[in-house]
Amino acid sequence: MTQTSTTSPEATAPLRRRLGLVQATALNMIDMVGIGPFVTLPLVMGFMGPYFLLAWLVGAGLSVVDGLIWSELGAAYPEAGGSYRFLKLAYGEHTWGRLMSFLYVWQTLIQAPLVLASGAIGFAQYFGYLVPFDAAAPWQPKLVSGTVVLLLIALLYRRIEDIGKLGVMLWVGVLGLMTWLIFGGITHATHEVAWLPEGGLAALPGILISAAMGQAAVKTIYSYLGYYNVCHLGGEVKEPHKLIPRSIFLSILGIAALYLLLNWSVGTVIPWQEASKSEFIVSTFVERLYGVAAAKAATALVLWVAFASLFAVLLGYSRIPYAAAADGEFLPVFGRLHPTKQFPHVSLLILGGVGFVFSLLFRLGEVISAILAMRILIQFVGQAVGLVLLRNRRGTQGLPFRMPLYPLPVVLAIAVWLFILYSTGPTLILSALGVTAAGVVAFLLWSRSQGRWPFEQ
């Protein structure tokens, strides 16, 4: 059978390039912050003790190194779908690239709703500080998390230029909350916070490769994820060859500074031994400084930040199945654009709907490490290897952005990602491999029905 041609999503159903640097960076940053740092901060302190800041530095370092990979690929191939397009191009559009990109989309149909559910569940957890739930009515937090997902779908059901403006407004709330918390720590510091372990730099290597660092890094890296959101929106970004790398690094550096200052501020007011046991650490922090009324206001801002992050998450992920379907590599229904608003509304509704169901079924602690374990092999490691394959095959001529010190950042990123995967534990590793294996079976069935590689006639 004749090979079905594949074309760019932009060639079959063009999206509008309306997002500028401020809007793209805002969407990245609100994706990154979310509920993550507010629920993982106590967990990291529990793992690392007085050296909890090191784990946040490790997360920032991996984000910078991995950001070089995303920047080079995103600037060179600025299309909707991000990793979907990168993997397909790197491994061969008509052969193994079809499998790798299919597996990425397959995982997205599971992990994107899980990410959405984790944020909605965290939102409900902090909402319990403002309106305590009845322990005898477990449906109450589920009602809150489910309502959050439905509201997100409603807000995203509109044109991309309107979403960019709304994203900037939500970003202002993120910066406002972080600035308030950091200012509180600066003006009320009573405890010392260590940046380096006792023994100085000589003791650093042992801590960096310890089991505690591995567990803590899983939590901090979860909180940094999202710096690449602009790549998912590559088909809707102005001057992507310049804007995408700038947006990625502005996001990483800005969020790293905010996270480090936030953790330092909390640690200078509340000893890590106490903070590591707090369920509402931000609320406790503000209540200690300014009283109950201020703590409730801060909690409301945490909810704002969590909602803003989920807004960016669902926006970016909804473009991935769309890109695959528009490319002829996934179910055609995901490739449909809204007839007047020109956005992938079917993809948005399906991912949002599954996220709604997941928000009613799972608990927060069950999904954070699982989300990361599922992503590492196909998306992060697979993409890093794919960049090497692309460079070897196509060279570097014409690349809008080329990472410095190549291939060192690629090797370092792969090594650290594999260390993080190992740190998630054997159960989650096996679960991730199981999802991948199921994806391979689905791909083979799909390809056989289409008469495409590896079943060409």
Please confirm whether [X] and [Y] have ring centers closer than 6.0 angstrom.
{"X": "Y224", "Y": "Y259", "result": "yes"}
{"X": "Y322", "Y": "F334", "result": "no"}
{"X": "Y91", "Y": "W96", "result": "no"}
{"X": "H232", "Y": "Y317", "result": "yes"}

Would you name the heavy atoms of [X] and [Y] that are closest together and state the gap between them?
{"X": "L262", "Y": "P37", "value": "CD2-CB, 4.5 Å"}
{"X": "G439", "Y": "L103", "value": "C-CD2, 3.5 Å"}
{"X": "L116", "Y": "L351", "value": "CD2-O, 4.3 Å"}
{"X": "A117", "Y": "S359", "value": "CB-N, 3.6 Å"}
{"X": "S63", "Y": "I252", "value": "O-CD1, 3.2 Å"}
{"X": "M213", "Y": "L208", "value": "CG-O, 3.4 Å"}

Please test R85 against E79 for side-chain contact (heavy atoms from CB on, under 4.5 Å), starting from the C-alpha separation and ending with a verdict.
CA-CA 7 Å; R85 290 296 300 165; E79 302 171 9; 2.6 Å; yes
When you measure from the side chain of [X] to the backbone of [Y], do you find a donor-acceptor pair of N or O atoms at a distance under 3.5 Å?
{"X": "Y126", "Y": "F38", "value": "yes"}
{"X": "S247", "Y": "I244", "value": "no"}
{"X": "S347", "Y": "P344", "value": "no"}

What distance separates L315 CG from N229 CG, expressed to the nearest 0.5 Å?
6.5 Å
So, taking the atom named OG1 in T108 and the one named CZ in R375, what distance separates them when rounded to the nearest 0.5 Å?
8.5 Å
Any donor-acceptor N or O pair under 3.5 Å, side chains [X], [Y]:
{"X": "S423", "Y": "Q215", "value": "no"}
{"X": "Y222", "Y": "S118", "value": "yes"}
{"X": "Y227", "Y": "D66", "value": "yes"}
{"X": "T40", "Y": "S223", "value": "yes"}
{"X": "S283", "Y": "T299", "value": "yes"}

Assign the ring pair W106 / F102 to parallel, tilted or perpendicular, where the plane angle (0 to 90°) is split at 30° and 60°.
parallel
Taking the inter-plane angle between the rings of F249 and F401 on a 0 to 90° scale, is it parallel (under 30°), tilted (30 to 60°) or perpendicular (over 60°)?
tilted
Going through the checks in order, is the side-chain contact (heavy atoms from CB on, under 4.5 Å) test met by M48 and I207?
CA-CA 9 Å; M48 295 299 296; I207 291 179; 3.8 Å; yes
Can you see whether Y406 has R391 sitting over its ring - NZ or CZ less than 6.0 Å from the centre and within 45° of the normal?
yes
Trace of the side-chain contact (heavy atoms from CB on, under 4.5 Å) decision for I248 with C231
CA-CA 9 Å; I248 288 173; C231 292; 4.1 Å; yes
Could you check R452, E329, R98 and say which one makes a side chain to side chain donor-acceptor pair (under 3.5 Å) with S447?
R98
Please examine the side chains of L258 and I182, heavy atoms only from C-beta on, and report whether any two atoms are closer than 4.5 Å.
yes
Sequence-distant partners of A194, side-chain contact (heavy atoms from CB on, under 4.5 Å), two or more places apart
Y51
